[in-house]
Amino acid sequence: MIVHRVLRSSMLRKHAICQKPFLYRLLKQESGPRNWPNTVKVVEVGPRDGLQNEPTNVPTDVKVDLISRLVDAGIKEIETTSFVSAKWVPQMGDNREVMKTLTRAPGVNYVALVPNLKGLESAETVQTETIALFLAASESFSRKNTNCSIEESKERARAVLERARAVGMRVRGYVSCICGCPYEGKIEPQKVAQIAKFLYEEGCYEVSLGDTIGTGTPASIAAVLAEVTKYVPADKLALHCHNTYGQALPNIFMGLQMGVNVFDSSVGGLGGCPYAKGASGNVATEDLVYMLHGMGIETGVDLNKIVSTAHFICSTLGKQPQSNVSKALPRL
Ligand SMILES: CC(C)(COP(=O)([O-])OP(=O)([O-])OC[C@H]1O[C@@H](n2cnc3c(N)ncnc32)[C@H](O)[C@@H]1OP(=O)([O-])[O-])[C@@H](O)C(=O)NCCC(=O)NCCSC(=O)C[C@@](C)(O)CC(=O)[O-]
């Protein structure tokens, strides 16, 4: 870094020392071609993942307000709710009302989580255009989260995909526990790759790889991506990083370098799965956007508006945003 600064100073550039091949190479390497894309899609999961674990009921109008603020901030793909059992996840019990009440802005993809045909049928009644199926790479987590084995979850997924195709719905896929499981510990990348391959081959337009409990590090994320990309192209993948150990941004940086250009995040760093004990929030949208913009990557997202949305939803929940950027930037 120090060498870099010295070499960059225009005065010393002209100096003969810079003509030496080693120093030239170093300068070229540090300022050379970028190893990441020019644009990235940010998938906002706050209204679903961010709120699903909140213990007190968030009124439907607050959820709808949150969605419209996020869209106003430039978000183009947003998970709005989930059509799961209200006995399992009470906070998502107003799924139909949310979908009926929100105003759909042109060019925005509103996505709802669906576990089975019953969920899909419910989603259909409220004009849901895109759904997200969620499977796990861990047998134990699959049973705890969806009350079925991985094989059974594949059967459910096939039925949902078949129906979705028939009614013209787009389907996104999730693989949970890509690096670790709250019940089984480390998960082998080959298991993750098999579920990702299944979802992709069965017709999901994108497969989001979920580090559900945030135990991944850049090394384990790289190992997972190396295995998964044997079957699914990197540009059909997304990363969904929880920030339990503060690894989400380094993991995303690794993803960028390995060709991923879609990242899930949650405003204010809210989030967590009720069936993944110890899982903390997702990477905060504002932290993600700050990093991407700092790297010269376009997102179409207005950072100040996201920060103010983080304060809006967190103050409604009676908590502080879990993100450095929201703490550092002045609230507008
Ligand atoms: C999958 C089920 C429904 C199976 O639940 P089940 O109890 O095994 O289902 P069942 O088919 O035996 O039916 C039992 C009852 O549930 C009803 N039911 C059945 N399906 C539905 C439905 N779709 N919507 C509403 N109700 C439903 C069904 O009608 C019946 O009602 P009853 O006759 O008892 O009154 C349940 O286990 C469930 O809802 N699980 C959801 C868990 C969940 O939402 N977890 C959080 C999301 S995943 C996540 O956060 C991870 C992710 C995506 O973010 C990525 C990452 O970080 O890794």
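Order of appearance sets the numbers: ligands from 1, and atoms from 1 within every ligand.
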Would M92 count as a contact residue for ligand 1, given that I'm defining contact as a non-hydrogen atom of the residue lying under 4.0 Å from a ligand atom?
no
Among the heavy atoms of L120, does any lie under 4.0 Å from an atom of ligand 1?
no
Ligand 1 and [X], any nitrogen or oxygen pair closer than 3.5 angstrom?
X	value
D211	no
Y275	no
G119	yes
P274	no
Y174	no

So if I count the atoms of ligand 1 from 1 in the order they appear, which ones are less than 4.0 Å from some heavy atom of [X]?
X	answer
F83	22 (C), 23 (N), 24 (N)
F134	48 (S)
H242	57 (O)
S176	51 (C), 55 (C), 56 (C), 58 (O)
D49	54 (O)
H240	54 (O), 55 (C), 56 (C), 57 (O)
R156	1 (C)
K87	32 (P), 34 (O), 35 (O)

Protein heavy atom under 4.0 angstrom of [atom], is there one?
atom	answer
atom 26 (N) of ligand 1	yes
atom 33 (O) of ligand 1	no
atom 53 (C) of ligand 1	yes
atom 15 (C) of ligand 1	no
atom 12 (O) of ligand 1	no
atom 9 (O) of ligand 1	no

Among all protein heavy atoms in this structure, tell me which lies nearest to [atom], with the distance rounded to 0.1 Å.
atom	result
atom 21 (C) of ligand 1	K118 CD, 3.5 Å
atom 5 (O) of ligand 1	W88 NE1, 3.7 Å
atom 50 (O) of ligand 1	Q52 NE2, 2.8 Å
atom 39 (O) of ligand 1	S85 N, 2.9 Å
atom 58 (O) of ligand 1	T212 OG1, 2.5 Å
atom 49 (C) of ligand 1	R48 NH1, 3.7 Å

Does N109 reach the side chain of R170, with side-chain heavy atoms less than 4.5 Å apart?
yes
Side chain to side chain, Y110 and T130, heavy atoms closer than 4.5 Å:
no
Quick check: does any side chain N or O of [X] sit under 3.5 Å from a backbone N or O of [Y], one acting as donor and the other as acceptor?
X	Y	value
T125	S122	yes
E184	S140	yes
E298	N38	no
R104	M99	yes
D211	G216	yes
S280	T244	yes
Q247	G214	no
D287	V325	yes

Considering L113, T146, N145, V45, which one's heavy-atom position lies nearest to atom 41 (C) of ligand 1?
N145
Measuring from atom 3 (C) of ligand 1, which candidate in N116, N147, N282 has the nearest non-hydrogen atom?
N116
Is a donor from one side chain sitting under 3.5 angstrom from an acceptor on the other, for [X] and [Y]?
X	Y	answer
S265	N282	no
H293	T299	yes
S266	D49	no
E97	T60	no
E152	S149	yes

For ligand 1, indicate whether the residue V89 contacts it via side chain, backbone, both or neither (heavy-atom separation under 4.0 Å).
side chain
Salt bridge (charged side-chain N to carboxylate O under 4.0 Å, His left out) evaluation trace for K319 with E54:
CA-CA 11 Å; K319 51 170 74 166; E54 284 300 319; 2.7 Å; yes
May I ask you to decide if the ring planes of H240 and Y174 are parallel, tilted or perpendicular, using 30° and 60° as cut-offs?
perpendicular
